[in-house]
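Only one structure is covered here, and it is reproduced in the block below.
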Amino acid sequence: MPNNTRVRFAPSPTGSLHIGGAHTALFNWLYARHTGGTFVLRIEDTDKERSTPEYEQSIMDGMRWMGLDWDEGPDKPAGYGPYRQSERMESYTKYAEQLLDAGLAYKDDGAVLFKVPSGETITFDDEVYGQISVKSENASVNQDGTIKDIVILKRDGMPTYNYAVVIDDYTMNINMVIRGEDHIINTPKQLLIYHALGFEIPKFAHLPMILGKDKKKLSKRQGATSVFEYNDLGYLPDGVFNFLALLGWSPKDGQEVFTRSEAIKLFDLGSVTKKPAVLDIDKLNHINQEQMKIMDPQELLKIIKPFWKNLGLDINSYSDDYLASSLQAMGGRGQTTLQLAEYSDYFISFDTVKERYKADDIKEEIRPLLKKFYGELLEVADFTPQTMEAFTRTWVESNESSMKEVALPLRWALTGRKVSPGVFEVAAQLGREECRKRLAYYNLI
Ligand code: GLU
């Protein structure tokens, strides 16, 4: 039997794709991909003042950056379009008339209002929050506590959110609504409209609130951070994907780092918690680092290249193989792509090394010993980390020196840094001639 699970992500194009939106989109996508269902993108652009085509584009680009592809949407029409609310006016008018004819709505001042009944109990089983029951007279209230009828069509004919969402979810055959917990409060109003129109009710799953590290609601600033800013800050799409998936959910066995296909396989709405999720940047850094480690080196290279360029490094004279193996040689150092690009600069440019390191710490009395050693090291038959290390161990023993004495200045001369991957790994990656050049510059051979 074909799977007919249909979920949707319904952003308003009044801003870019920020963390909250990306989180909701991701959970819908995971659910659709896990169940083999359909993921619909619907643009809720009824706020004419604040909606723009640029934001719509930016949301789509943000989703693409995260790797969240949709099966139906404004650019991918299937049988349930149009996929922008502004293009679906006919159905809003049609059902408003149906409500008016049935006496369940009335006109006032040019607007159409839905009559909120009293004495009914609205109950729904949220897949995450469990059973929620609200008395109809409490579903929509004025400040003084009296029932507030729900405007469904505004004076300008535009539908309101709580009405349009019902018409669209019904006419688009959406059978699972996954969205942020801030919409729990809207659900009873929507259910009243479902009942009034005799529509079949979808399932609902509200996702937990996302808090800042201070355990307070995400500030405008934090919450508004678009996914592209995460790119510029050095986070991989896979890192952000993995991190967001862990906000409110984790696989049953507690696995924290996973690929997309693992996430799809493991995802289960039943394990989503209602406990607010904390946006912890340290954790994002950690997850991002782990994702960089498991990423295909050539793919990682594509992402790192622009960061190197931004650092003013000229990568044109190097082959992709050399650049990718330089990243490999970093051995998982760096939590962000930004850091990885920065930490690995010495594989691309000796100028950066010269700027950082002036060799004024080298005592003249030790120089003859260093020169002798580096001269011989450059002649080892096989310029691999293993051979160099074995050679060095024997050499320091028979020359009454120590690993530290010879390896530390070598690291400084090759990288201009106090910390780096194993110095022989670095030397092997740079190659014999480049090492010779750098040691000669510092008068160490
Ligand atoms: N346009 C609404 C929003 O961005 C959609 C809410 C819903 O998914 O029902 O919050």
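Atoms within a ligand are numbered from 1 in the order they appear, just like the ligands themselves. These numbers come from the heavy atoms of this one structure, side chains and all, not from hydrogens, waters or symmetry mates. Keep in mind it's a predicted model, so treat the numbers as computed, not measured.
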| Residues S51, D47; criterion side chain to side chain donor-acceptor pair (under 3.5 Å); working and verdict | CA-CA 6 Å; S51 301; D47 183 340; 5.3 Å; no

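Taking every heavy atom of both residues into account, P306 and K302 meet most closely at CD-O, 3.3 Å.
For the pair R260 and F241, the cation-pi test (distance below 6.0 Å, angle within 45°) is passed.
Residue-level proximity to ligand 1 for Y161 is carried by the side chain, the only part with a heavy atom below 4.0 angstrom.
The ligand atoms of ligand 1 that sit less than 4.0 angstrom from a heavy atom of V165 are 9 (O). Close contacts of ligand 1 with E44, meaning ligand atoms under 4.0 Å from a residue heavy atom, involve 1 (N), 2 (C), 5 (C).
Within 6.0 Å of NZ on K76 lie more than 12 heavy atoms contributed by other residues, nucleotides or ligands.
Looking at E256 and K283, a side-chain N of the basic residue comes within less than 4.0 Å of a carboxylate O on the acidic one, giving a salt bridge.
The protein non-hydrogen atom at the shortest distance from atom 8 (O) of ligand 1 is R8 NH1, 2.7 Å. The nearest heavy-atom contact from the protein to atom 10 (O) of ligand 1 is H183 NE2, 2.8 Å.
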